[in-house]
Amino acid sequence: MTRVFSGVKPTGHLTLGNYLGALRQWVAEDQHRSDALFCVVDLHALTVDHDPARVRRLSRQAASLLLAAGLDPELCTVFVQSHVDEHARLSYLLECVATDGEMRRMIQYKEKAARERVRGGSVRLSLLTYPVLMAADILAYGADEVPVGDDQAQHVELARDLAVRFNQRYGHTFVVPRVTLPKVAARVMNLQDPASKMGKSEDVGPGIVYLLDEPDVVRRKVMRAVTDSGSEVVHDRAARPGLANLLEILAACTGGDPAALAAGYSSYGALKKDTAEAVVEVLRPVRERHRELCGDPGYVEGVLRAGAEKARAVARPTVDAAYRAIGLLAPEEDVVPEAVR
Ligand code: TYM
């Protein structure tokens with residue numbers, strides 16, 4: 001069976017971008033057709049200036065939201081990254097396979113490091129090595145597929161490169177994963193600035209729809225979305241990015257095609273109104289279920305505990321095999337896998 005792995009980083013409240021770009025596919029498709037693991041990647045939240053209490057709060061909230069969005073612990077494994085030591089164990093080995101030049105070329109590193117420097121802060125070393133930890137997340141589980149939004153494609157590409165390189169140098173150890181992107185809304189843009197991604201780490205902004213926004217807040221944000229000059233409704237990402245973003249959000253929420261949907265509108269106002277209502281309806285059950293789960297923290301904790309146990313059992317043999325393959329001695333009690341003896 002195909003193995004799927006993906007994750008979400010608790011650096012801010014989850015957004016419509018996270019939902020349409022990733023979560024929705026995990027819920028509707030991946031958990032049903034594959035052996036899937038979904039992770040709140042809390043170690044990644046420590047790569048930028050952080051407040052410990054906030055990371056804890058956001059980690060709990062992200063886990064509840066994954067369940068509220070419809071991940072079913074009977075069908076897939078939901079857990080928190082720091083509960084499974086294998087991520088950090090493998091990350092170090094992969095740092096011994098990756099190069100510093102490779103890390104410095106990562107687009108997200110360049111963007112985030114530049115932002116931190118503008119703020120006058122220092123850049124954490126972990127921000128540079130972050131993609132290696134992400135590769136470890138993926139490779140530890142032998143994932144065949146990694147369903148993510150477009151902004152993570154370069155990181156998954158790196159995980160592929162590291163898997164291939166490790167296998168060539170030290171013998172076949174890792175599955176080489178591939179990225180899977182949603183057909184529409186692989187990159188949801190900020191409603192106030194269609195040139196930038198709708199990102200949860202940014203400051204609270206009128207251009208970001210959060211999964212837990214009340215319906216009226218969602219309506220206001222969508223109705224005030226920046227659109228392009230012109231009046232004809234067409235789907236053209238390059239020339240009309242604001243409009244294209246709304247059409248893609250509507251298409252993702254209703255299951256249509258952005259260009260075909262455009263043909264049905266003669267005004268921006270009507271498109272915005274329908275898009276706002278479509279988003280409200282998509283988020284309504286998530287918000288309601290999240291409210292229920294908040295009243296039952298023991299349930300979420302239980303899911304995460306059981307998830308971590310299952311995840312550990314999957315990752316352990318692969319990471320142990322990598323330790324042996326790269327030349328580290330097995331502790332006596334370890335059973336050395338036949339292939340790497
Ligand atoms: P993160 O937490 O930024 O985002 C979680 C998922 O949401 C997608 N996404 C978007 N998709 C479309 N439009 C947007 N505006 C948008 N914003 C976010 C992301 O592409 C992602 O799929 N490094 C990862 C987390 C991670 C991970 C992993 C993912 C760590 N280890 C291993 C997969 C496999 C991240 O920061 O995602």
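Note that the structure is predicted; figures quoted are calculated from it, not measured. Note that ligands are numbered from 1 as they come in the structure, with each ligand's atoms numbered from 1 the same way.
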Worksheet item: With a 3.5 Å cut-off and no angle check, do the side chains of His235 and Asp257 form a donor-acceptor pair?
Response: no

Worksheet item: Gln61 and His290: side-chain donor and acceptor closer than 3.5 Å?
Response: no

I'd like to check which ligand 1 atoms, numbered from 1 as shown, lie under 4.0 Å from a non-hydrogen atom of [X].
X: Phe5; value: 32 (C), 34 (C)
X: Tyr130; value: 23 (N), 24 (C), 35 (C), 36 (O)
X: Val8; value: 2 (O), 5 (C)
X: Arg187; value: 12 (C), 13 (N)
X: Lys9; value: 2 (O), 36 (O)
X: Gly21; value: 11 (N), 12 (C)
X: Val146; value: 33 (C), 34 (C)
X: Ala22; value: 6 (C), 7 (O), 22 (O)

Do the charged groups of [X] and [Y] touch, with an N to O distance under 4.0 Å?
X: Arg165; Y: Asp161; answer: no
X: Asp320; Y: Arg89; answer: yes
X: Asp144; Y: Arg3; answer: no
X: Arg237; Y: Glu248; answer: yes

Which is closest to [atom] in terms of heavy atoms, [options]?
atom: atom 33 (C) of ligand 1; options: Gly149, Ser6, Gly17; result: Ser6
atom: atom 4 (O) of ligand 1; options: Thr11, Asn190, Asn18; result: Asn18
atom: atom 19 (C) of ligand 1; options: Thr47, Val148, Asp151; result: Asp151

Can you pull out the closest protein heavy atom to [atom]? Residue, atom name and distance to 0.1 Å, please.
atom: atom 15 (N) of ligand 1; result: Val188 O, 2.8 Å
atom: atom 31 (N) of ligand 1; result: Asp137 OD2, 2.7 Å
atom: atom 28 (C) of ligand 1; result: Met134 CG, 3.5 Å
atom: atom 37 (O) of ligand 1; result: Gln152 NE2, 3.8 Å

Practice prompt. Would you check whether Ala185 reaches within less than 4.0 Å of ligand 1, judged by its heavy atoms?
Written response: yes

Fill in: Contact with ligand 1 for Lys200, non-hydrogen, under 4.0 angstrom
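Heavy atoms of Lys200 do come under 4.0 Å of ligand 1.
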
Please tell me if the side chains of [X] and [Y] come closer than 4.5 Å, counting only heavy atoms from C-beta onward.
X: Pro131; Y: Tyr109; answer: no
X: Leu191; Y: Ile249; answer: yes
X: Tyr210; Y: Asp213; answer: yes
X: His13; Y: Ile208; answer: no

Fill in: Ile138 and ligand 1 - part of the residue with a heavy-atom distance under 4.0 Å
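Contact part for Ile138 vs ligand 1: side chain (C-beta onward).
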
Worksheet item: Looking at ligand 1, does any of its N/O atoms fall within less than 3.5 Å of an N/O of Gly199?
Response: no

Discussion item. For His87 and Tyr141, take the angle between the two ring planes, folded into 0 to 90°, and tell me which bin it lands in: parallel under 30, tilted 30 to 60, perpendicular over 60.
Written reply: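 Rings of His87 and Tyr141: tilted, as their planes differ by 30° to 60°.
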
Discussion item. Please determine whether salt bridge (Lys or Arg N to Asp or Glu O under 4.0 Å) holds for the pair Glu86 and Arg316, giving the CA-CA distance in whole Å, both sets of side-chain angles, and the decisive distance to 0.1 Å.
Written reply: CA-CA 6 Å; Glu86 270 51 47; Arg316 191 88 203 245; 3.2 Å; yes

